[in-house]
Every structure is written in C-alpha cells, then in structure tokens.
S.K.: 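The structure under discussion is supplied below as structure tokens; questions concerning it will follow.
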Amino acid sequence: MVAVTTSEALFPRFRVGECLSKSQLLPLFSSCIPKQQQQQQQQKGVFVCRAEASAAAAVEQSGGGKMVVELVGAFNQLTQEINVLSSSSSRLLFKSLKLSIPMLQALPHAPDGRPCLSKALSLALLLAHLQMDAEVISAGLLIQVVEAGAISIHQVRDRIGIATAHLLHESLRLKNIPSKVDVLDDDSSAALRKFCLTYYDIRALILDLALKLDMMRHLDYLPRYQQQMLSLEVLKIYSPLAHAVGTNYLSLELEDLSFQYLFPYSYLYVDTWLRSHETGNNSLIDIYKEQLRQALKADPILADMVDGISVKGRYKSRYSTMKKLLRDGRKPEEVNDVLGLRVILSPRSGIDTTEVGERACYRAHEIVQSLWKEVPHRTKDYIARPKANGYKSLHMAVDVSDDGTTRPLMEIQIRTTEMDSLATGGTAAHSLYKGGLTDPEEAKRLKAIMIAAAELAALRLKDFPSTIHKGLEFGQKGEVFCLLDKNGDGKISIEELMEVMEELGASGEDAREMMQLLDSNSDGSLSTDEFDLFQKQVEFMRNFEDKDVKCKMMLNKSSD
C-alpha cells in the first residue's frame, strides 16, 4: 500500500476537505512520483503521464467535452460486454447514446439519489451482460427520458427506430401490471405471470426485469413498508418470470434481494451460515472450480477425447436455502446442494462424437473421484439411464470437508455440450410452467415465439458489408473512430467533430477546443493514434472513478 500524505508541501494550493476535480487530481498524482520513476513506468506501459491524463480531464471541463467523454466511455464499456456486435448494432447504440446523454444529464437525480445518466448506464450494462441485443439496450438507455417526458415514443421512433420505440411502449405497459389484482396471492400472481408471458414482447419483459433488479439494488432510500410491498411483488411475480424466460441470473438475485427486505433477520441467519464456509478472500466455489478445471485439463486421457472443458460453479441462493430449511425441517448443515459445479465437455469431432462424449464424461467422473470422496448413494447416472424426456447427465455428490473442517456436500454434474443444449432446452420449457403456463403445448408455443423474436432481432441487426473504411482494420475501440469518421477517410475532421458536438447539444467552440487539445501534430484532424490515446485516457479516468466509488462503499461499510 502506498502512503499518501496531505501535507502543505505536497498540496500547497488546496485546503483539507476541499473537493478537487479530475483535472486537478490527475496532475497531482503524477507530480507525487519522481521523474525518473515516471520514465521507467512509462516504458513499462503502466503509468499514464501527467500531460496525457490531463488532456482528457481538460476536454471534460467544457459541457460538450464532458458529453463526448461520456459518449466514448459508455460506448466502449457497453460493447466490451457484448460478444457479437454488428456494425448496425454499433450505429444504433452510438445513436442512442448521443440522443440520451444530454437529456439524462439535464434531468434531476433519480429518487434513489443517483444521477440519471449513471442509472441509465447501469441498466444498459446489465442488459449487455445478459447479451441482449442493441435494440433492448437502446430502450434501456432511453426509458428514463421517455418517462420524464423529455422525448416522446413517436420521436424515438423517428430518431432511433421503430423496434426501440416498440420496446419502450411495451415496457411502459408492463409498469402497472401488479395493480391489475387486488390481492397478490399465489393464484393471482400465477395469472399475472401467464398474462405477461402470453401478451407481451419477451424482450420487453427482460427489459422490465432488468429495471426491477436495478430498483431492488437501490431500495434503501424508501420507507420500510414500501420496501416490503415492492419486494413482495418481485418475489411473487418478477422472480418467477425471470426464471420462466431463462434469465436465471436475474431470478436468483431478485429472490435474494426480496428475501433480504422481507425477512432481514432470516436472511442474516442464512447469509452468516453460508459465509462461515468462506476461506480468506476467495469463495469456496471459486477455489473448487479452479481445482477441478486444472485437474481435468492436466489429464492426458481426457485431453485425447475432448477439444474443450468448461467448469461452472454456483452457490445455492439464500432464499432457496431458507425454503429447504422451512419445507424439510432440515438443519443448515443438512442442506446438501449449497455448493454446485457443472462440467461441460466438448468431444473431439469424429465418427461418433456421442460415444466419445459419453466416455469423456465417465473419465471426468473418475478424475473427480481422485480429488474428493464421493457419496455413493447420491450418484445418479442419467447417461446410462436417461430420463423420460431425454435428459442425460452424470450427477454426483462429494465430501469436500478437510483438516477437521466440516462443509456441506458439493453437487457436481458432468455432461457434453450436446447434453447441455438438450438440458437447457428442456429446462426452458419446464421453467415456463413455473412462470404460470401449466399447459405443455402452450409452453412449447410460447418457447417458439421467444426463439422467433430473438431470431428476428438478430436478422434486423445483421452486419452488412460496408464500402467505407475499406482496407482499414479496427479493434473494438476503433468502432467509435469509425462512427465519428463518417466519410471513411481514416481521420476525424473538425467538421465531423462539430457535427457530433451539435448532436449532443454543444457548441462548435467546444469542438474546436477539443481538437486543439487532442490534435498533437496540429494538422487540423484526429488520426487513429491520436483518438486511441484519448480513449485510453477516458478509460483511465472511468476506472479511477469506479475504484473511488468502491473505496467509498468500503469505508461506509466499515463505519456501520
């Protein structure tokens, strides 16, 4: 840890407790490091020098410059989360950010105290993490400004596109779903979920679920009775819905957050027990996952049978654990599936990949047996004896207790990629029942509609060959340069910079100031190298802000 002193010698111009801007802070950080050390660190590529860091901070001082910094930083952050990004998707996200950023910055803070831009970007990042398409992410960026009346859905349709406008319309229709019933019991909740699954665009449902998760993550500002009302709605309607549409990640977190607000002492009891099994800074599941992955990769027999090995891990949620304790009357130590690993093997291509895959699963089973003690009566071989619906997998439980420390049993599933695809498909159909659809044919029909909607969105956002930027190759960060370089000549002119500034609602003078700051060779335009340096500065500043927020949260927790 580096000790930072706030003596008068280091900071002669600032008073204790004074809030400093990034443009003031960044030069101070570099000035605290000896010049020789700065040069050494620059050569290693681990230190952003004072002049470089100050340039991005200086750009941010003007209103237009600050919005450009937000535009570039947000676009890069979003696209890093998306596995496949077509040029049409890039253009849609960029256009949506240009439209939403100035409007979001002009809105007052959200009821939970966050700036509206920060809230919108958090939602967009959540949707990107879920691998939603650019139309859904675009709707997530714009929903606050539509709700605030800063722009109408008709204007969104004209400026962004009909698909984004449709998703916003559907999401706003979903907003008051809980008010359709007087009593939120099991029957009415199931009816509401069935209604949502049958009559609403599946992508709008996922957008609404992401909004609910974002809300639940920042619920502390509300009085307790409102926290409990919203948590009950989430637990009865939205968490099962999230499971029904295949977003289990959302479902589990929504369950746990609702449980925490509805029954705080029960939550604390289960949470404390689960945390008692942690070791140091690393979670048990991460330790076991890596241990198993390394053992599987090191085995030469398995290596001859497979091209790829994936090991996934999960903790049982707090809510699911409590349900088992209450339903079965168990003690915490008797809940056996708190820890879970899933091994997915990609068999080598050949004459009979099915046979090779099955042999690979049994070999992986032997490797697991060499690591931990298997609990024989809990082993189930669904490969030799598949379930009636065709489900195949090896299930086993192992005892991971060691050094006199007793731990819950860990469940392990072993399957091939083909088995996993079939299991996922079966689970998707089964999960619709939990969403409220009890008719199997109705569930199959809805599943087909969900797949068709996803395929239609993919077709709309398909990448088309472009004649501009021919012969130039750009990485992920080069996407922004391409979008700003509208004539495709390999440089950003002052006219192109002024155009994007005007779209952000800023003046041409801001564009000229930005050009002067970033145009290092003074040729009146920005090259790919000059713009790439600017993007690195933006990334540095955003990372600095993120770390500062995390430090603040840690300090707040330690003071509680």
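Keep in mind the model is a prediction, meaning the values are calculated, not measured. Numbering starts at 1 and runs along the sequence shown.
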S.K.: Do Gln144 and Met103 touch side chain to side chain, with heavy atoms closer than 4.5 Å?
M.R.: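 No, too far: nothing below the 4.5 Å cut-off.
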
S.K.: Please find the pair of heavy atoms, one from Asp214 and one from Ser122, that lie closest to each other, and give the distance.
M.R.: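 That would be OD1-CB, 4.0 Å.
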
S.K.: Please check if atom NZ in Lys387 has more than 12 non-hydrogen atoms from other residues, nucleotides or ligands closer than 6.0 Å.
M.R.: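 Buried by this count: over 12 neighbours within 6.0 Å.
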
S.K.: Below 30° counts as parallel, above 60° as perpendicular, anything between as tilted: where do the rings of Tyr391 and His395 land?
M.R.: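 Perpendicular.
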
S.K.: Within the 4.5 Å heavy-atom criterion, are Asp485 and Thr528 side-chain neighbours or not?
M.R.: no

S.K.: Does atom CZ of Arg159 have more than 12 heavy-atom neighbours, drawn from other residues, nucleotides or ligands, at distances under 6.0 Å?
M.R.: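 Count not over threshold, so no.
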
S.K.: Count the heavy atoms of every other residue, nucleotide or ligand shown that sit under 6.0 Å from CD of Glu418, and state whether that count exceeds 12.
M.R.: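 Count not over threshold, so no.
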
S.K.: Which atoms form the tightest heavy-atom contact between Pro347 and Asp307, and what is the distance?
M.R.: O-OD2, 4.0 Å

S.K.: Taking all non-hydrogen atoms of both residues into account, name the closest pair between Met515 and Ser493 and its distance.
M.R.: CE-C, 3.8 Å

S.K.: Considering only NZ, NE, NH1 and NH2 on the basic side and carboxylate oxygens on the acidic side, decide whether Glu530 and Lys491 come within less than 4.0 Å.
M.R.: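 Judged by the 4.0 Å cut-off on N to carboxylate O distance, Glu530 and Lys491 do not form a salt bridge.
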
S.K.: Using side-chain heavy atoms (C-beta onward) and a distance below 4.5 Å, is Thr164 in contact with Leu92?
M.R.: yes

S.K.: Return the minimal non-hydrogen interatomic distance between Lys289 and Gly313, and the atom names on each side.
M.R.: CD-N, 3.7 Å

S.K.: For Asp186, is there an ion pair with Lys236 - N to carboxylate O distance below 4.0 angstrom?
M.R.: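 So Lys236 pairs with Asp186 through a salt bridge.
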
S.K.: Going by side chain to side chain donor-acceptor pair (under 3.5 Å), Arg203 matches just one of Glu170, His166, Glu135. Which one?
M.R.: Glu135

